[in-house]
Asks: 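Structure provided below as structure tokens; questions to follow.
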Amino acid sequence: MVYTDSEQNALLALLSRFGGVTAAIDGMHPKGGYRVRCTVPGKAFDSLILELEKHDWFCAM
């Protein structure tokens with residue numbers, strides 16, 4: 001896996017588009033990708049998940 005600052009910044013920028021969302025990358029996931037800590041208001045949750053999928057990010061909780 002290749003982990004770049006620009007990829008991480010793009011993910012955080014996508015998450016920050018939603019009002020009230022706070023996010024920080026909390027390391028790399030052992031199977032690839034990133035561990036991200038987020039606080040998401042309930043009203044933004046579904047929209048946020050759809051937006052992640054639209055930009056080819058996969059979410060696992």
Side-chain angles (χ1 to χ4, degrees):
M1 302 285 331
V2 176
Y3 302 99
T4 64
D5 289 338
S6 62
E7 183 180 63
Q8 293 175 35
N9 291 335
L11 175 58
L12 292 174
L14 178 63
L15 293 169
S16 69
R17 288 184 199 169
F18 292 83
V21 173
T22 58
I25 293 179
D26 192 26
M28 308 313 168
H29 190 279
K31 291 185 178 183
Y34 303 99
R35 292 179 188 262
V36 179
R37 288 186 186 203
C38 289
T39 301
V40 181
K43 63 183 179 199
F45 184 80
D46 290 336
S47 298
L48 178 63
I49 297 301
L50 290 173
E51 192 70 12
L52 287 169
E53 290 174 356
K54 188 167 98 177
H55 288 88
D56 295 325
W57 288 99
F58 176 77
C59 181
M61 293 176 238

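As the structure is a prediction and not an experimental result, all values here were calculated from the model.
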Asks: Let me confirm one number: the CG-CD1 distance from Asp5 to Ile25, rounded to the nearest 0.5 Å.
Replies: 9.0 Å
Asks: Mind checking what makes salt bridge (Lys or Arg N to Asp or Glu O under 4.0 Å) contact with Arg17, not counting sequence neighbours?
Replies: Glu51
Asks: Between Ala23 and Leu15, which heavy-atom pair has the shortest distance, and what is it?
Replies: CB-CD1, 3.6 Å
Asks: Measuring only between side-chain heavy atoms, which start at C-beta, is Tyr34 closer than 4.5 Å to His29?
Replies: no
Asks: Side chains of residues 36-49: which donor-acceptor partners sit under 3.5 Å, not counting sequence neighbours?
Replies:
unit_1, atom_1, unit_2, atom_2, d
Arg37, NE, Asp26, OD2, 2.8
Arg37, NH2, Asp26, OD2, 3.3
Thr39, OG1, Thr22, OG1, 3.4

